[in-house]
Amino acid sequence: MCSTFCSSIPRHLNLTSMMIMKPRAQAITEPPSRVGFLGIGIMGSPMAHNLLKAGVDVTIWNRTKSKCDPLISLGAKYKPSPEEVAASCDVTFAMLADPQSALDVACGKHGAVNGMDSGKGYVDVSTVDGDTSKLISGHIKSTGALFLEAPVSGSKKPAEDGQLIFLTAGDKNLYDTVASLLDIMGKSKFYLGNVGNGAAMKLVVNMIMGSMMASFSEGLLLGEKVGLDPDVLVQVVSQGAISAPMYSIKGPSMIQSRYPTAFPLKHQQKDLRLALGLAESVSQPTPIAAAANELYKVAKSHGLSDQDFSAVIEALKSKFQHSETN
Ligand SMILES: NC(=O)C1=CN([C@@H]2O[C@H](COP(=O)(O)OP(=O)(O)OC[C@H]3O[C@@H](n4cnc5c(N)ncnc54)[C@H](OP(=O)(O)O)[C@@H]3O)[C@@H](O)[C@H]2O)C=CC1
Ligand SMILES: O=CCCC(=O)O
């Protein structure tokens, strides 16, 4: 029985991966007593808030200080640099926009590396490529500290609800140490082995998601042009084999040309770009993701970077198609 089951698991995941569902009880077992959080944006803010609500001693930093104010008023401590946060905490989380900002905050002037030491840990939950993650890991580990990459699946609402999915890789000791913190912020966590595997898993998942949203956008607009009721189309899609929460959650507002930001379009395009780089590195053809990436680039060029990624549908509307060809 086991050999049949085990042989159905991809070989590279078989020995190093495991998924642990969130235990029902939320008890914290020996958590790090002082936790840092760098990057208080759409995701970082609710994640740090959930730690605070669970009674964790949280110290925060954000490039734009004003975004820290609501959490400070709820009891978070504040330090004026990543270095000072890392120096004052046992474990520091980072939720930054992209590879460059993740690198700057970890390794730049007054970066977290300067405050790290043996006995401390750094958990990067930003979505970056494997090479960036390995670079940050190398700098952190050169101080004697431990490193875990832990990008998340799930958006603003799951972050608020403590329902994220952590895709972790790196130091298993640190994974074990922060497990109870991940359980506060998420509903499940995967440990995937060496640094780079968490980033790769995240990029593959978001590559699929970006293409799905682009395809959904085409379907909505085609349906509308041939006279179908878009609300009924969303219902039909939501009940069949291609049903995905994303369609029923985003569809109704897309029909009204509204894109309240949960996952910024610029970050989805960044993830497609990084996923295409990953595919290139192993000569894997990804023509659908490449076409989707072009669409997100068009949307960005029309000022939609900070809208939700569902705004990619705008890039398919005739006003934008015409301006592209004129
Ligand atoms: N939103 C979502 O649904 C999800 C996002 N992600 C990923 O999580 C990460 C954060 O996303 P999200 O919270 O949505 O994004 P936001 O744009 O809301 O937050 C980005 C954060 O990065 C900081 N930042 C950006 N550039 C720099 C820089 N040069 N130096 C220092 N700090 C910088 C921002 O600081 P400042 O406030 O000063 O601009 C902010 O704290 C991204 O990697 C994204 O791909 C993953 C899962 C879901
Ligand atoms: O990186 C963003 C992912 C958003 C989601 O998983 O819903």
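For ligands, and for the atoms within them, numbers begin at 1 and follow the listed sequence. All residue numbers refer to positions in the sequence shown, counting from 1.
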May I ask you to identify, for Asn62, whether its side chain, its backbone, both or neither come under 4.0 Å of ligand 1 on a heavy-atom basis? side chain
contact_flag Met209 ligand 2 heavy-atom lt 4.0 Å: yes
Considering distance alone, does some N or O of Ser155 sit under 3.5 Å from an N or O of ligand 1? yes
Side chain or backbone, does Thr64 bring an N or O within less than 3.5 Å of an N or O on ligand 1? yes
At a non-hydrogen distance cut-off of under 4.0 Å, which region of Val105 contacts ligand 1 (side chain, backbone, both, or neither)? side chain
Under 3.5 Å: N/O of Gly154 near N/O of ligand 2: yes
Can you sort out which atoms of ligand 2 are near Ser155, meaning under 4.0 Å from one of its heavy atoms? 4 (C), 5 (C), 7 (O)
Identify, for atom 19 (O) of ligand 1, the protein heavy atom at the shortest distance, and state residue, atom and that distance. Gly41 CA, 3.7 Å
The one among Gly111, Ser101, Ala97, Ser45 that brings a heavy atom closest to atom 20 (C) of ligand 1: Ala97
Tyr247 and Phe216 aromatic ring geometry - parallel, tilted or perpendicular at 30°/60° bounds: tilted
Going by side chain to side chain contact (heavy atoms under 4.5 Å, CB included), Leu272 matches just one of Met207, Met209, His267. Which one? Met207
Ignoring hydrogens and angles, state whether a donor on the side chain of Asp57 or Ser33 is under 3.5 Å from an acceptor on the partner side chain. no
Within the structure, does Thr127 bring an N/O atom to less than 3.5 angstrom of an N/O atom in ligand 1? yes
Looking at Pro70 and Ser73, what are the two nearest heavy atoms and their distance? O-OG, 2.6 Å
For Ala262, atoms of ligand 1 separated by under 4.0 Å from a heavy atom: 1 (N), 2 (C), 3 (O)
Numbered atoms and elements of ligand 2 in range of Phe263, under 4.0 angstrom, heavy atoms: 1 (O), 2 (C)
Quick one about Gln100 and Asp104 (side-chain donor to acceptor, distance below 3.5 Å, no hydrogens or angles considered), yes or no? yes
Enumerate the atoms of ligand 2 whose separation from the nearest heavy atom of Asn206 is less than 4.0 angstrom. 1 (O), 2 (C), 3 (C)
Note: His267, heavy atoms under 4.0 Å from ligand 1, region reported as side chain
For Met95, the atoms of ligand 1 under 4.0 Å from one of its heavy atoms are 8 (O), 9 (C), 10 (C), 21 (C)
Check each heavy atom of Lys270 against ligand 1 and say whether those closer than 4.0 Å belong to the side chain, the backbone, both or neither. side chain
Which label fits Tyr191 and Tyr175: parallel for a plane angle under 30°, tilted from 30 to 60°, or perpendicular past 60°? tilted
Numbered atoms and elements of ligand 1 in range of Lys67, under 4.0 angstrom, heavy atoms: 36 (P), 37 (O), 39 (O)
Interatomic distance, Met47 atom CE to Met95 atom CE [nearest 0.5 angstrom]: 4.5 Å
Heavy-atom nearest option to atom 24 (N) of ligand 1, drawn from Lys157, Met47, Arg63: Arg63
With the side chain counted from C-beta on, respond yes when Leu316 and Glu218 share a heavy-atom pair under 4.5 Å apart, and no when they do not. yes
Does Lys202 have a heavy atom less than 4.0 Å from any atom of ligand 2? yes
Which of the atoms in ligand 1, numbered in the order shown and given with their element, are less than 4.0 Å from a heavy-atom of Ile40? 41 (O)
Identity and distance of the protein heavy atom lying nearest atom 5 (C) of ligand 1: Met43 CG, 3.6 Å
Going by heavy-atom distance to atom 23 (C) of ligand 1, choose the closest among Val152, Val125, Leu96, Leu38. Leu96
Take Leu164 and Met43 through the side-chain contact (heavy atoms from CB on, under 4.5 Å) test and state the conclusion after the steps. CA-CA 10 Å; Leu164 295 170; Met43 296 296 285; 3.7 Å; yes
Derivation of the side-chain contact (heavy atoms from CB on, under 4.5 Å) call for Asp308 and Phe263: CA-CA 5 Å; Asp308 188 70; Phe263 181 36; 4.2 Å; yes
How long is the gap from CE on Met116 to NZ on Lys141, to the nearest 0.5 Å? 10.5 Å
On a heavy-atom basis, which atom in Lys120 and which in Ser88 lie closest, and how many Å separate them? NZ-N, 4.4 Å
Within a radius of less than 6.0 Å around NZ of Lys157, do more than 12 heavy atoms belonging to other residues, nucleotides or ligands occur? no
Check each atom of ligand 1 against the heavy atoms of Pro264 and keep those under 4.0 Å away; list them by number with element. 1 (N), 14 (O)
Is there side-chain contact between Val125 and Phe166, with at least one heavy-atom pair below 4.5 Å? yes
Looking only at non-hydrogen atoms, find the nearest pair between Asn293 and Leu276 and report the distance. ND2-CD1, 3.6 Å
What atoms of ligand 1 come closer than 4.0 angstrom to any heavy atom of Gly154? 47 (C), 48 (C)
Contact region, Thr127 to ligand 2, non-hydrogen atoms below 4.0 Å, reads neither
Within the structure, does Gly39 bring an N/O atom to less than 3.5 angstrom of an N/O atom in ligand 1? no
